[in-house]
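In what follows, chains carry the letters A, B, and so on, assigned in the order in which the sequence lines appear, proteins first and then strands, with residues in each chain numbered from 1.
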2 protein chains.
Amino acid sequence: MVTLSEVARHARVTAATVSNVLRNREKVRPETAERVLQAIAELGYRPNLNARALAQGRSSTLALMLSNIANPFYPEFVLAAERAARKSGHFLMVCNTDDDAQIGRAYLNQIAGTFADGVLVMNTDIAMNELCISAMHNGPILLAMWEHPEKPPALPCVAVDFAQAGALAAKHLLELGHRKIGMLIGDGCGGLQDARSDGFRAALAAGGVACATAQMQVRDSIDAGHEACVTLMKKHPQLTAIFASNDLLAIGAIQALIGMGRAVPHDVSVIGITDIALAHQVRPALTTVAIQTAAVAELSISRLIQLIDAPVQVPSMAIGPPPELVVRDSTGPCKARASG
Amino acid sequence: MVTLSEVARHARVTAATVSNVLRNREKVRPETAERVLQAIAELGYRPNLNARALAQGRSSTLALMLSNIANPFYPEFVLAAERAARKSGHFLMVCNTDDDAQIGRAYLNQIAGTFADGVLVMNTDIAMNELCISAMHNGPILLAMWEHPEKPPALPCVAVDFAQAGALAAKHLLELGHRKIGMLIGDGCGGLQDARSDGFRAALAAGGVACATAQMQVRDSIDAGHEACVTLMKKHPQLTAIFASNDLLAIGAIQALIGMGRAVPHDVSVIGITDIALAHQVRPALTTVAIQTAAVAELSISRLIQLIDAPVQVPSMAIGPPPELVVRDSTGPCKARASG
DNA sequence: TTGAAAGCGCTAACAA
DNA sequence: TTGTTAGCGCTTTCAA
């Protein structure tokens, strides 16, 4: 491995000068800089980032903790987060907790403030939330995709108005004439997605519909959505619409309905939340309430970096862009009502 | 930040002893160790991993380079890779190159051997491959999911017999009686997926079918598969089966066919390669040739670690588990032939 | 504009 | 069993 001092020797200067060429070029005479650069090129020198991190007290690495990257929602976030991190000169370390608090704790203890300059944590459940709070003194931690803008957590966060997302979904179904509505509520990878369902229920109530007829609480996956939907429809065959608190469940629900001989949206409408890429790729294409995932990721990265640079000045909560209804092919007018 | 020497002072020992407690416990007297552990707990000490990395000359970090994590194939690999890395005491840094050789080069130059102990590179195209070869002297680099076991690259790799995967797909279609077969060949994120198509073509030939009727070359995504399939079927409406070199294309193809009024598999059969999670979640569920993604990821991580520990002794190429046909609902007997 | 020197926090000989 | 010492490769004052 070629070290900085070898470069220095080769260029007949001292290590400090090489370092200056690398960092603040203006401090060194052009001819000298030229000599140094040439030495760097000749020797194929590459700075040791660990040494630099140690000397500087910062590693230019950000960590992103999430429960399970196999959930298609996360890769979209990761992609945008990694791009944003890269653009600002940071690396991104992806930490899967596998929904396991032990692993989450281990990561947080190991890397927060020692290996990563800052940590971004997604979709925390209560246990994870407390873990983060107790790990805050280790270094900056920011919660991304916080679902309750009305009640800021004890940590810096980027919030998204998921209640509003639920409300938009409800409004859409109401406008289509639906009155018998079922809910599939995901576990948000540990933390209940209750902002979404609360927002949905409240909007239904405001629209004069007392309450969704039935609800189920399930894990976030297509398969789970499928299964839950079958159960739900068996119990409540009269439902004409289903709201799912995320797109995976909604997609699973659509498949279940079709499998049971119910046409979507002709017999039953289905709406989700998030607008993952898959939503427009399935058939019928999914009507959903879009969360601007990439924008939220960028905002989260940028605020985490601010937090690292100036811990005090940054207000604790930022609100991401508002959710937006995206009407596709999985929702339609309520047949029962039209004819009844 | 609490440092090791503060702990040492607190426990009235020297830094070396604290270090020994942390690493080789047996070298220190139990009572002393007890005192040290207590000091660690009281002060909330956590080792600085950058300092450790510098002193040890290894960071316990692995980097995984891939083109675009939003492609659903990668998260499944990443999940398994991260688990395997974690189990062996390593962190995993995910590096998206966005299909951009510049970014790939930058990552490779920055982290190989300086920040990451080893680098895993997936699905390389030729440019990336050369980049890796030229970066090999920086530190261990291993190619994962190499598609040509018969021609080992100039780098250590874990190969999968994708030609065999293509052959299995061909055999399946032939056995179902198909003779008019179209191909959709993905770009493998830069590198052509030609092992798959070659294997497929060869097996067709061996089965007495001269060649697939038509083929198209497209980017790996559902949308691209959809579009390409529409074009293909317009040109060659007589096709009774479509082979896609990966599942995303196959899923897009199914949707395109259904959209064009062709029933799957009744009118046209579709088969893919990989068996991503989505394959069993779409309707009709996709027949495909499964690559054991998780197993390949584990093997890749384990060999990368071997390479780091004992660069010389590790043979250059390892072969992953053989592909397996998974029959689901997107393929069926050739109607035209049955009636013809 | 350049150099000398101290130090980031930890590890690992080696000595005691 | 514990302490002493010398780094790891880089940055960063401070002097020259």
Side-chain angles (χ1 to χ4, degrees), chain A residues 1-37 39-40 43-61 89 109-117 138-139, chain B residues 1-37 39-40 43-61 89 109-117 138-139:
Chain A
M1 162 180 248
V2 183
T3 69
L4 188 146
S5 57
E6 293 180 58
V7 172
R9 203 176 318 136
H10 198 87
R12 282 170 307 123
V13 294
T14 168
T17 301
V18 178
S19 181
N20 271 329
V21 171
L22 257 36
R23 335 209 83 249
N24 8 265
R25 184 80 56 85
E26 65 289 357
K27 297 211 130 194
V28 37
R29 178 151 42 104
E31 298 93 272
T32 316
E34 185 52 43
R35 232 171 50 241
V36 170
L37 290 173
I40 288 176
L43 300 177
Y45 166 75
R46 298 170 318 124
N48 181 315
L49 299 190
N50 274 308
R52 175 175 289 177
L54 180 58
Q56 284 194 139
R58 34 188 274 115
S59 62
S60 297
T61 297
N109 276 332
Q110 283 188 99
I111 65 180
T114 87
F115 204 57
D117 296 340
N138 294 339
Chain B
M1 162 178 249
V2 184
T3 69
L4 187 146
S5 57
E6 292 180 58
V7 172
R9 204 177 315 137
H10 198 88
R12 284 170 306 123
V13 294
T14 171
T17 301
V18 177
S19 182
N20 270 329
V21 172
L22 256 38
R23 335 208 84 249
N24 9 265
R25 186 78 57 84
E26 65 290 356
K27 297 210 130 194
V28 38
R29 179 152 40 106
E31 299 92 272
T32 316
E34 185 53 43
R35 231 171 49 240
V36 170
L37 289 173
I40 288 176
L43 299 177
Y45 166 76
R46 298 171 318 125
N48 181 315
L49 299 191
N50 273 308
R52 175 175 289 177
L54 180 57
Q56 286 194 137
R58 34 189 275 116
S59 62
S60 296
T61 297
N109 275 333
Q110 284 188 98
I111 63 180
T114 87
F115 203 58
D117 295 340
N138 295 339

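- Contacts with DNA chain C (heavy atom under 4.0 Å) in residues 5-14 of chain A: A/V13, A/T14, listed by number.
- As a whole-Å value, the separation of B/Y45 OH from C/dG9 P is 10 Å.
- A heavy atom lying under 4.0 Å from DNA chain C marks the following residues of residues 46-59 of chain B, by number: B/P47, B/N48, B/A51, B/R52, B/A55, B/Q56.
- Here the C1' atom of nucleotide D/dC10 and the CZ atom of B/F115 are 14 Å apart, to the nearest Å.
- Among the candidates A/N138, A/N109, A/T114, the single residue satisfying the side-chain hydrogen bond (donor to acceptor under 3.5 Å, both in side chains) test with B/R46 is A/N138.
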Next item on the list: Take A/V18 and A/V13, measure what side chain to side chain contact (heavy atoms under 4.5 Å, CB included) needs, and give me the verdict at the end.
Entry: CA-CA 7 Å; A/V18 178; A/V13 294; 3.9 Å; yes
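- Note: CG (B/N20) to P (D/dT4) measures 14 Å, nearest angstrom.
- Across the protein-nucleic acid pair, A/L22 atom CG and D/dG9 atom C1' stand 12 Å apart, rounded to whole Å.
- Summarising the geometry, atom CZ belonging to A/F115 is positioned 6.0 Å from atom CG belonging to A/N50; distances are rounded to the nearest 0.5 Å.
- For A/R23 and D/dG9, the CZ to P distance is 17 Å, given to the nearest whole Å.
- Between B/I40 and B/L22, some side-chain heavy-atom pair lies under the 4.5 Å cut-off.
- For the atom pair B/N20 CG and B/E26 CD, the distance stands at 8.5 Å (nearest 0.5 Å).
- At least one side-chain nitrogen or oxygen of A/S19 sits closer than 4.0 Å to the OP1 or OP2 atom of D/dT11.
- Residues A/V36 and A/V7 share a closest heavy-atom pair of O-CG1, 4.2 Å.
- Smallest separation of non-hydrogen atoms from A/G113 and B/M1: O-CE, 4.0 Å.
- Between B/A33 and B/V28, the closest heavy-atom pair is N-CG2, 3.8 Å.
- Protein atom NZ of A/K27 is 12 Å distant from nucleotide atom P of C/dT2, rounded to whole Å.
- Using a 3.5 Å distance cut-off with no hydrogens or angles, the side chains of A/S59 and A/D117 do pair a donor with an acceptor.
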Can you pull every protein N or O that's under 3.5 Å from an N or O on nucleotides 14-16 of chain C?
none

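- You'll find that the side chain of B/T32 is closest to D/dT1, out of C/dG9, C/dT2, D/dT1.
- Note that the CZ atom of A/R52 and the OG atom of A/S19 stand 7.5 Å from one another [nearest 0.5 Å].
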